[in-house]
Every structure is written in C-alpha cells, then in structure tokens.
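Working notes for the structure below.
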Amino acid sequence: MTNNVQIIASARNWIEQSAIDQLHRTAQLEGIERAVGLPDLHAGRGIPIGAAFWSSTHAHPHLIGNDIGCGMALWQTDINAGKFKLDRAVKKLTGLDQPWAGNQISALEQAGLPLHLAGEALGTIGGGNHFAEFQKVEAIIDDERFTQMGLDKSLLFLLVHSGSRGLGHAVQEDHTRRFNAEGLNIASDAFAHYLTRHDQAMTWARLNRDIIANRFLAKLGADAELKLDIFHNSLTRHRDGWLHRKGAAPADKGPIVIPGSRGSMTYLVCPRPENADVALHSLAHGAGRKWPRSSAKARLGRKVTLAELERTALGGRVLCEDNQLIFEEAPQAYKDIETVVSDLEEAGLITVIAVLRPVITYKTRRK
DNA sequence: ATGTCC
C-alpha cells in the first residue's frame, strides 16, 4: 500500500480490487506525489479510470491515455421537450457517422489549430463510451443555480461525449514509441513537445464536440446554446505542478455533468470549493464500468435481445447498429450513478443542480 | 480509446 493515495467512496460503493491495485501502482510512478480515486474508479489497461494524479516534477503521458481532451459538452436546444417527436427525430438522425461535409479549414483556423490537423474524423463521435444524447429535465434540485445558468426546464438538452479521435491516439503513440511508459521530467524538451501536442488535441477535441453538436442540431433544424464543455482526460498546470486527470472532471471549471449509463439519469452538479483539495480538485466523470467490455456480451448473452437493448428502462431510445458495442455499453455493464453522486455529495465535493433524463442515445448507425 | 487487427 502507498500512503499518497486517497479514494473517495462510501462503504456501499463497490470498487473492484484490481482498480484499487492499479491506483496504488500508478501512484508509485516516478514523481507522483498524490493520487486520488473518484467514486467511479474502475480498472483500465494498467491505468485506472476515474482518477487524478499530481506531480511537481514529472509528467506521465500514459496516465492521460490516448483520448487526450475527451470530455462532455452540454447544449440547451431551442426544442420544446414536451413537443419532441421521438420517432421523427430518430428518422432524421442519419449520416452522422460519415465525414463532416463542412469547412474544416475555417473551423480549424477559428479554433487556432494548424490546418494539417484536418481529417475525416473531425465532427464524428467515434466508438467506445462516446455518444450524443438528447435529454430532458427530470428534476430541478437547486432552482437558483439552474436559473443562474440560464436553463429552461421546458427545453431539450444535447449532451456530447467525444474526444480527439485519431489525433490524441497519434500523440500518445509517438510518445510511447520514444519513451515507452516512462514519465517525462517537466524541465525536458520532450515534455514541452508533448504538452504542445496535448494542448492541440484538447482544442481539437472541444472543436470536435462543437461540430458534432451542430451536425445533430442541423438534422433536427434546431439551434442551441453551449452551457458547458468539460474535459476529463487532461494534463494541466496545478499548484506548481502538473495534474493528470484520467476519466476525472475538474472541480474548478464551474458546473459539470456526470452521466450514468444510457439507461440512467445524468446529474448536473456544482463543485464545492471548500473540500476540493481532498480530491485533487477533481470529480467523477460518469458511473464507471462494472463489467469489462470483453465480458459484457457473454454476461448478457441470452438474457436480452437487441430489440430490448434499443430501449432503456427510462423509456429512452438507443441508436447503435454495432451489435457488439450495444452490448458493451448496456446499462447493466455500468455501476449505479446514484451511488457515485451521493458519494461525492457526502464527501462535500458537489451539490446537485438538476437531473436529466436520456431520450435518445446516439452511438452509431454504422453496422 | 483508435483514419480500430488481418
């Protein structure tokens, strides 16, 4: 065991031992002074997900992983949630896995990115846990903050979860090719080089979410206002050092959303600054996986049909024509979001502003 | 997670 590790979780929150082991192991990497596991902590490929790491001397790119800049953007659309026609919307959401037909050069220019970062993936969701989801307001818990954010409970929301696609992957691969899983001294040229490319991947990922949202909105003839865009895979400057977040949202960038699975609610929450340091100014980014991807299909196997997976217990529709992915991302494969949120509340890290209910979860229409 | 392994 290591004494620089903190896990934010109550007794009723089940966290697999392998994830805890991974957290302790990664906390021993060169220069890591503190490590925090959030309530959605779960095992990854050597690196746990739902964790934050701080060092004043070293950066460890492989702690961030390949999806640099992955995050969640929440949009308030101008669609009246009560009048929203589900079946009609489902019919209109086509062609969204194809390359974006818009002007990449001008989009990259406006984002301040070099033009060689154009590519077919820009404006597409990707795979894994990425999605675009329409949601309606289920409950308002903090009326004052809800109003302060300019939110309207009668409107439909769009949550986009995506990242830097092939770009972050390439940045990560280049680092691994040169340094394997080694960390970088923050005084080194190699770190400066990584950071430049990391920051580009962050900006690219945010632009990607922006374009994705606009493509979805255009299909429905809707307009929308961006309410938040929050990274959960990032390396950022923090207190004379560097903070690595792997599946961890920042607690110092205003309200964030913590979605459960497609079959559970999304929580819009406000970070509480008083106790933020306990968790390295970081928060959970989701429910966390209960089952590894590799076993989800076998576990659900004959218990559920594809048709059943296309509808959730909350009445939401799931657009996922990838028959493997629809199993991997089944609600059963995820932990309870309610436990994650209540653990953060009990730790004094957040207050809940509102609860959002998924209406359409778009994954992919590519077979 | 991946211009996704052949």
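Just so we're on the same page: letters track the sequence lines, and every chain starts at 1.
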Reckon [X] touches a base, only the sugar-phosphate, or nothing at all at heavy-atom distances under 4.0 Å?
X        : result
A:Gly163 : nothing
A:Gly127 : sugar-phosphate
A:Gly119 : nothing
A:Gly65  : nothing

Would A:Arg289 count as a cation-pi partner of A:Tyr334, with NZ or CZ less than 6.0 Å from the six-membered ring centre and within 45° of the ring normal? yes
Integer-rounded Å distance: B:dT2 C1' and A:Arg177 CZ: 13 Å
Atom CG of A:Leu325 and atom P of B:dT2 are separated, to the nearest Å, by 10 Å
Salt bridge A:Arg12-A:Glu346, side-chain N to carboxylate O under 4.0 Å: yes
Using the six-membered ring wherever Trp is involved, compare the ring planes of A:Phe134 and A:Phe216 and label them parallel, tilted or perpendicular (cut-offs 30° and 60°). tilted
Take the angle between the ring planes of A:His60 and A:His62 and call it parallel below 30°, perpendicular above 60°, tilted in between. perpendicular
Going by the rule ring pair (Phe, Tyr, Trp, His ring centres under 6.0 Å), which residues pair with A:His244 if we only count those two or more places apart in sequence or in a different chain? none
Answer whether the closest heavy-atom distance between the side chains of A:Leu63 and A:Leu29 falls below 4.5 Å. yes
Can you tabulate the close N/O pairs, meaning under 3.5 Å, that link protein atoms to atoms of nucleotides 4-6 of chain B?
none

